[in-house]
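Notes for the one structure printed next.
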Amino acid sequence: MPFGHDMVHSLAAAVDLVNTSPATGGPDRLVDTQQLGDFVERHQMSGVGELGATDLSEVRAVREAFHKVFTAPDQATAVIRLNTLLSGTRITPRLTEHDGHPLHIHYFAPDASISEHLSADLGVALAHVLAEGEWERLRTCSAPDCGNVFVDESRNRSRVYCDSRTCGNRMHVAAYRARRRA
Ligand SMILES: [Zn+2]
Ligand SMILES: [Zn+2]
């Protein structure tokens, strides 16, 4: 993968954000500001102030916009959807070091709300994926009862499950049982 550390970090946050959505098949895991705070903490996002109800509803809207980028039927649609998302946020690149991370670039404006912060930083990371011609790496899990998204970072773009230990393992067991029944 040609992606650097901060790209990988932002892509992981985008995946985690989208997968909190009930649209991916599981329970909604972003229902209050406590869960939003946990998300911010989990991804060591800097410059985030007090979180309120407006932040929560805005982030929930951005979450669905990111989900639509991952589930776009083709690259052209993904580009349109991502550009729409990016057009709604101010982008201010600057170099920073925090929480022990090496020097990396932040894209959110200094006074950005959390939803703008996510749109800017995670949006730019996804823009790089598309610009590198790697749109196909934005995937949805192939397990029939799972709609989690993931970024396929495997060399030969062969990953089909969101998590090999859970969905991958579950599907292998199901296939094994089906073979035994046959
Ligand atoms: Zn950072
Ligand atoms: Zn899955």
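Each ligand, and each atom within it, is numbered from 1 in the order the structure gives.
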Is the backbone of [Y] close enough, under 3.5 Å, to the side chain of [X] for a donor and an acceptor to pair up by distance?
| X | Y | result |
| --- | --- | --- |
| H67 | R63 | no |
| R137 | V151 | no |
| R29 | N19 | yes |
| R159 | Y161 | yes |

Given the Zn ion (ligand 2) as the apex, I'd like the angle to SG of C146 and SG of C141, rounded to 10 degrees.
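Answer comes to 110°, rounded to 10°.
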Report yes or no: does H106 have an N/O/S atom closer than 2.8 Å to the Zn ion (ligand 1)?
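Checking the Zn ion (ligand 1) against H106, an N, O or S atom does fall under 2.8 Å.
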Checking only N/O/S atoms, does H101 have one that is under 2.8 Å from the Zn ion (ligand 1)?
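Short answer: no, not a single N, O or S atom is under the cut-off.
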